[in-house]
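First the proteins, then the strands, lettered A, B, ... as listed; each starts at 1.
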Amino acid sequence: MDLEEAKEFRERCTQCAAVSWGLTDEGKYYCTSCHNVTERSQEVISTEAIPNTKIQAINRGLKRKRKLEKGWDWYVCEGFQHILYQQAEALKTLGVGPELKNEVLHNFWKRYLQKSKQAYCKNPVYTSRRKATVLEENASHSDWDSAPELLSDFSCPTFVESEAESQPDDHIQKPFPISRASQSETASVCSGSLDGVEYSLRKEKGVVKMTVPGTLAFCYLALLWQRETMTLSDLLRFVEEDHIPYINAFQHFPEEMKLYGRDKGIFAIESWPNYEDIHKKIIEVATFLDLPRFPDITEDCYLHPNILCMKYLMEVNLPDEMHSFTCQVVKMAGIGEVDFLTFDPIAKMAKTVKYDVQAIAVIVIVLKLLFLLDDSLEWSLSTIAEKYNEENKEDKPWFDFRKWYQVMKKSFDDKKQKWEEARAKYVWKSEKPLYHSSIDRSVVYKRREMVVNLQKQFSTLVDSTPTVEKKSPSSFQFNWTEEDTDRTCFHGHSLQGILKKKGQSLTTKNSLYWLSTQKFCKSYCKHVTTYEESNFSLSYQFILNLFSFLLRIKTSFLHEEVSLIEKRLFKTKYSKTKKKSSRSRKVRK
Amino acid sequence: MSDFSEELLRPMTGGDLGETRVLSGTGMCFPWLQKHIQSVVTGGKKEKDFAQTTNACLSFIQEALLKHQWQQAAEYMHSYFQILEDSDSYKRQAAPEIIWKLGSEILYYHPKSSVETFNTFADRMKNIGVMNYLKISLQHALYLLHHGMLDDANRNLSQAETWRYGEKSSSQEVLINLIQAYKGLLQYYTWSKKKTELSQLDEDDYAYNTASQNMLNHSWKTSINLSALIQIPGVWDPFVKSYVDMLEFYGDRDGAREVLTNYAYDEKFPSNPNAHIYLYNFLKREKAPREKLISVLKILYQIVPSHKLMLEFHRLLRKSEKEEHHKLGLDVLFGVLDAGCTNITAWKYLANYLRQTLMGNHLAWVQEEWNSRKNWWPSFHFSYFWAKSDWKEDKALACEKALVAGILLGKGYRYFRYISKQDHQVLRKKIKRMKKLVKKCSIVNSGL
């Protein structure tokens, strides 16, 4: 067999993935390492070249040298734009106002393209770097059009998407209607996008490079600008629950936007977004965009701690009466001030408040104030409450911490179990597999097909009713109602048992307090405190576990926030570091 | 080049490819250390959620299998298939084998599964990657055998037998041999069925000739299939047995002897009691000299001193003329009873042989055996509890044991005392004789 002739054929063997072909007598390719014979045959170029007088090979269909997948010419930033578009649409479905997409997010994105010199500027990065092909073909147009034309119709200074409602898909979904063969021939060697290779290599100082997690930073900034009723943890949870496109968002790119090679590294994501990472990214993006001070977060905003505390108190089934305590803590710590809460990227130290984490931390502090959470006082208070409730069945019941713990523990464990099961069953791989290079293509597709077939086979063994039904999006994960008899609702319970009259005002019976962090870390390692679970009381551990699960954050992260608020609250304690033990402290009502 | 090529470079071996275990010097395994090392390998980078959830998925499958929740296991399996598309080539390559093991287990037990489902699954899995083809084919065939589908199993094995994969086939030679041998085993099954048919036919019958010819053809193919495997060191009991059976049937005694001798004595083969049993039985059939039989059983005695053939061994030794054999005979009996035997013959033999040995003035032999056992035999065999229960269960056994106890421990010992005090009409005479014997022979008395 002539191996020389077979060198033309460069695809991988579907059996063993080797690229080592020989030709059979019939002119078909066979794999020299596993002897698998393909359906493909060598194309007979000229009959004279064959030494044998008989024509041996018959061309059976498929051409030998298949052109690489052909689609539109597109740029990486268009891919991101597409994801943002999908995300904005999804947010709209979740009930966010339409201005978010048409005005805010659109503007941020435009600003990003401008700042990163990808469009809307005199000298876009593409025209300066790329060979003249682009320019030549668009010779009649200005420089502006040669940049990804995606937003060319937005170049009007009003920033308002005028035709958005009438034809929302037109300009965003088809950024490049013309395909230019000459260019893609050279550019698409290692990526489907025009600049995939270049993009993955690009490292420009001072420029925030767009990533898939970055799209969420944009979404959150837009939400924050609009002061929407959605916290960061809500946003990320909706991503995890697949209500907002993120993982495999590229699947919904138009058919003609082909992805492979380097695009894989840019658009394929194998992790859910992480709160801390996205939070950092938000500040990074906002600073890079040089955004002005955001609209004020005032007391009537959803993100104000007083409102969020109310929301989370309901969520974790604690008495409404606790709200007055959270408000006091917020006031004393000074974390309810407009200036403190409002995000200002151009301030010296740009920081954005983790509204959700902060609110939860305030609740933890109030629980510590009321029950001490030292594995002792909370239980003895519970015994008193239990006794009272037994004797006074007609009255408004006193809040019984033990009973609350029992109810919450059960619900929390169930929820967590379900959550873990759902995660284990999560489908990560897209229907549209991405491959690194064209010779991998057949193998990757074959593998995909195999997985689909196996899944099909096993799905016949599974009950027709899926156990993990898709949850409808809600900002509440737990629901407590008075009617539900199995799961007691504590919202209406009274705190009377743990308060006492002192003169005209009420104070807590408990007069002790302990600090979550005695001493803050002052080194340069960036974390301010550590959380070694076993050093803390079981009640504290339980509460941190429960609350951090609610926000899908690490317990240490919540612990840190609790410590930071305590630091504001007990300034004097920390300034007098010598005196370690915590003195009694009273909260007046 | 893509990472798929690594699969070709790294031949897969063994079962535990999925995880590289951390072994300490003593061969202990620390699963937790593994985790730490892995995080060092990833350079402290956080594991991707994909990796984390597929791992969790695997644990859920294992848990479901453990609890026989086939339905749930199948559900998780549905998601676990994703690992075949893992971007980590190492994990991706290890995946087919794990999936095959889990999947075949599920399909074996799942109420909605069928032979067809299993076949489809096996055929699919055979062709993912290349390294598992033979192993899966073989297990597939075993599954079919288990369901009584001999023809299908045979077809499957034939297909696997002819499978070639360039250089890779040579590294899997053992597997190919094993596949051939299983095929041989199936052929042997047909052959031995024919043999039974033949034995029912009259030799003068017209059909007899064709049938025997037919058998001969069969055996020839079979022997080729079987003989290759049993040359390779390993434990091949059923294959060896069938092969020898055929050789013997066609009168090739030398061939059979050679196979069995090789199987038992070749040092490259792992120690295998059955090899010696087969050889012994063959030699016995051949009426080989006693000396020869003794030498075979001697090895078996070293491997399994409590084997039931040991009593036969004892008889052979007793009949031998050599004094060292007589001594070994005692050794063998003690050895058999070390395993806590309630076999009356063994005790009877020991009682008689002790008496015989002591009468023959070989007190030293008995003492030698007894010295290593006197610390634990009394409570192991001759406790008060045993005396009561033996007497209740089997009076004859109790008498034999009492005799031995009396000889070894003296007449004052509780076991002997308990039995000798029993008043039983039928056994009265026997007990009386027993008492007399103990008086005469007990090593405790003589020691005084």
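- A search for side chain to side chain donor-acceptor pair (under 3.5 Å) contacts involving B/Asp123 returns B/Lys126, not counting sequence neighbours.
- Side-chain contact between A/Leu461 and B/Leu107 is present, with at least one heavy-atom pair separated by less than 4.5 Å.
- Within a 6.0 Å sphere centred on NZ of B/Lys91, heavy atoms belonging to other residues, nucleotides or ligands number more than 12.
- When all heavy atoms are compared, the tightest approach of B/Arg124 to A/Leu454 is CD-CD2, 4.1 Å.
- For B/Gln72, no part lies under 4.5 angstrom from a heavy atom of chain A.
- Two rings, from B/Phe121 and A/Phe458, have their centers less than 6.0 Å apart.
- Interface remark: B/His110 contributes side-chain atoms only to the contact with chain A (heavy atom separation under 4.5 Å).
- The side-chain heavy atoms of A/Thr460 and B/Lys112, taken from C-beta on, include no pair separated by under 4.5 Å.
- B/Thr53 and A/Trp428 form a side-chain donor-acceptor contact under 3.5 Å, judged by distance and modelled atom types alone.
- Not counting sequence neighbours, the partners of B/Tyr108 by the side chain to side chain donor-acceptor pair (under 3.5 Å) test are B/His146.
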Side chains of residues 55-70 of chain B: which donor-acceptor partners sit under 3.5 Å, not counting sequence neighbours?
residue	atom	partner	partner atom	Å
B/Ser59	OG	B/Asn55	O	3.1
B/Glu63	OE2	B/Lys67	NZ	2.8

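- Scanning both residues, A/Ala424 and B/Ser79, for their nearest heavy atoms gives O-CB, 3.8 Å.
- Exactly one residue among A/Arg448, A/Arg447, A/Lys429 makes a side chain to side chain donor-acceptor pair (under 3.5 Å) with B/Glu85. That residue is A/Arg448.
- Of all the heavy atoms in A/Glu421 and B/Tyr76, the pair that sits closest is CG-OH, 3.0 Å.
- Between B/Thr117 and A/Gln457, the shortest heavy-atom contact is O-NE2, 2.7 Å.
- When the heavy atoms of residues 262-271 of chain A are compared with those of chain B, the residues falling under 4.5 Å are A/Glu270, A/Ser271, listed by number.
- Ranked by non-hydrogen atom pairs under 4.5 Å with chain A, the options B/Lys48, B/Gln82, B/Met125 are led by B/Gln82.
- Residues B/Asp49 and A/Arg423 have side chains in contact (heavy-atom distance under 4.5 Å, counting atoms from C-beta outward).
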